[in-house]
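Proteins get letters first, then strands, A, B, ... in listed order; numbering begins at 1 in each.
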There are 2 protein chains.
Amino acid sequence: MTSIRALPTLTAPVEDYLKVIFELEAGDGVAGTNEIAAELGVAPASVSGMVRRLAEHGLITHERYRGVHLTKAGRRAALRTIRRHRVIEAYLTRALGYPWDLVHDEAERLEHAASDELIDRMAAAIGEPTTDPHGAPIPTREGTLDEPELLPLAAVEVGVRVRVQRVGDRDAEQLRYLAELGITPGRQIEVLSRAPFEGPISLRIGRVTKTIGPGLAKQILVAVR
Amino acid sequence: MTSIRALPTLTAPVEDYLKVIFELEAGDGVAGTNEIAAELGVAPASVSGMVRRLAEHGLITHERYRGVHLTKAGRRAALRTIRRHRVIEAYLTRALGYPWDLVHDEAERLEHAASDELIDRMAAAIGEPTTDPHGAPIPTREGTLDEPELLPLAAVEVGVRVRVQRVGDRDAEQLRYLAELGITPGRQIEVLSRAPFEGPISLRIGRVTKTIGPGLAKQILVAVR
DNA sequence: AGACAGAGTTAGTCTTGCCTAACTTATTCC
DNA sequence: GGAATAAGTTAGGCAAGACTAACTCTGTCT
Ligand SMILES: [Mn+2]
Ligand SMILES: [Mn+2]
Ligand SMILES: [Mn+2]
Ligand SMILES: [Mn+2]
């Protein structure tokens, strides 16, 4: 039995905090104050303040000095914002010809202003997309997220052929470079060689060969075969 | 010689105040505290506070107890927001099939979050519209606004044939009713009769006859012939 | 001229969200 | 086990933007 409680419209900063906490928790299992601060570009002390408020509103639980976890309500709100963000990114590229390196910043603001109605119309207009332009899966209206297991390209053995599934979308410059290299979701890649000690990685992309650093290779998520 | 000064990104409330002041000034020649407060749904004291801040930032001039006027910079900012608002309304109806009674509220939020880039792409995608769905003219990118002289339907003589140019867009309910009556921009109407003392007005709309009150008729702006 | 209504302002308070500086806790390392 | 270090928190401030209550203009009406 679920009690339907109208969420009392969250502010833009609150939505951004929840989103970041969701993503950190998915990675580490727990979200730390400094991590959240770094991700949002605010001072750690500001995070402590917000964490108190989020806990008071029942969106997270907080163990002092131990990190935070989303509650059911917090997780729901986070997934709603993530859905909005990714639908907006998908719509901007597919319907308005936006380049994939610009959509993130735009979506970062619009995600707080668009109504559910608008998000649904956008999604419908481009055929209910399941991923955003960077390959990130889009949560459903109902708040379920199907996150497939993916491998960072940096961890793929030499000789293996993989398909690009998803790339990091925070850095616009990096996205432009990836596009230039031809590394976009759906692309087939073969790892030709890997220098030891975190050295450069050679790739065959289509019929050309390119070499990238391991840092970049960590941002490229692939599926084998 | 114009000095190019980057406006230090205005907040959403500031943009809304400037928009409202622009519209009141266009009407009365001056914007009063209480008018602004009523328009924004805020206490008059809140307006006094904001007015001080806007004046400090050089967006308005303020004579105590006398009302406010936009400066050049304030007018420019107001027109920018109005352009955004109307382009968004036009885009939502033309590209996403939004009904005309819902676009205002949506645009009221999105106008503060969309980049100039996005507004330009939206405008381009629907063929550089010159009016919004309610017939309001859209300011140009350069900040000029061509506001044609229009007559409220309430002031039209019996027997005169007019064309609907623009309708008030604040009240969603009213917009639904107007749509039901068939009173939308572009529509031809003939005034059949007007009862005295602010009485009801009979109209021929297409081949049907409808009667409306004078309050509603003030919200309908028309051009003769 | 004086009174009064309406418009506008001031004073004081609240919440949100941010900051820096100083402090406390947890962990790690010798 | 105790010191160093990293992580996290508290204290104290600030600006924006809202509120209520109390005060002050301004203009009008007699
Ligand atoms: Mn955001
Ligand atoms: Mn993305
Ligand atoms: Mn607005
Ligand atoms: Mn409109």
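- Screening A/His134, A/Arg176, A/Gln174 for a side-chain hydrogen bond (donor to acceptor under 3.5 Å, both in side chains) with A/Asp101, the sole residue that qualifies is A/Arg176.
- Here the side chain of A/Thr11 is nearest to one of C/dT10, D/dA7, C/dG17, namely C/dG17.
- Picking from C/dC18, C/dT16, D/dA21 the nucleotide with the shortest atom distance to the side chain of A/His57 gives C/dT16.
- Backbone-only contact: B/Val42 has heavy atoms under 4.0 Å from sugar-phosphate atoms and none from a base.
- Close to C/dG8, at under 4.0 Å from its OP1 or OP2, lies no side-chain N or O of B/His62.
- Under 4.0 angstrom from either OP1 or OP2 of D/dC23 there lies no side-chain N or O belonging to B/Tyr65.
- With rounding to whole Å, A/Ile60 atom CD1 is found 14 Å from D/dG8 atom C1'.
- Here C/dG12 presents its C1' atom at 13 Å from CZ of B/Arg52, a figure rounded to the nearest Å.
- We find that CE of B/Met50 is positioned 9 Å from P of D/dA16, with the value rounded to whole Å.
- Nearest to the side chain of B/Ala43, among C/dC18, D/dA11, D/dT20, sits D/dT20.
- A sub-4.0 Å separation between OP1 or OP2 of D/dT9 and a side-chain N or O of A/Thr33 is present.
- Between A/Leu54 atom CG and C/dT16 atom P the separation is 11 Å, expressed in whole Å.
- We find that CD of A/Glu63 is positioned 13 Å from P of D/dG8, with the value rounded to whole Å.
- When the nearest nucleotides of DNA chain C are assigned to B/Gly67 and A/Gly41 by heavy-atom distance, the more 5′-ward of the two goes with B/Gly67.
- Protein atom CD1 of A/Ile36 is 14 Å distant from nucleotide atom P of D/dA7, rounded to whole Å.
- Between B/Ser46 and D/dA18 there is no side-chain N or O to OP1 or OP2 distance below 4.0 Å.
- Closest to the side chain of B/Ser48, out of C/dG8, D/dA18, D/dG17, is C/dG8.
- When rounded to the nearest whole Å, the span between CG of B/Asn34 and C1' of C/dA5 equals 13 Å.
- What separates OH of A/Tyr17 from C1' of C/dT16 is a distance of 11 Å, to the nearest Å.
- For the residue pair B/Thr81 / B/Glu111, no side-chain donor-acceptor distance below 3.5 Å is found, with atom types taken as modelled.
- Residue A/Arg64 places no side-chain N or O under 4.0 Å from the OP1 or OP2 atom of C/dA26.
- Note on B/Val14: only backbone sugar-phosphate atoms sit closer than 4.0 angstrom, heavy atoms only; bases stay farther off.
- Distances shorter than 4.0 Å separate none of the side-chain N or O atoms of B/Arg53 from OP1 or OP2 on D/dA15.
- Taking the centre of each ring, A/His104 and A/His85 come in below the 6.0 Å mark.
- Heavy-atom neighbours of B/Glu56 CD from other residues, nucleotides or ligands within 6.0 Å: above the threshold of 12.
- Within a 6.0 Å sphere centred on CZ of A/Arg166, heavy atoms belonging to other residues, nucleotides or ligands number more than 12.
- Checked options A/Leu221, A/Val164, A/Leu203; the residue passing with A/Leu153 is A/Leu203 (criterion: side-chain contact (heavy atoms from CB on, under 4.5 Å)).
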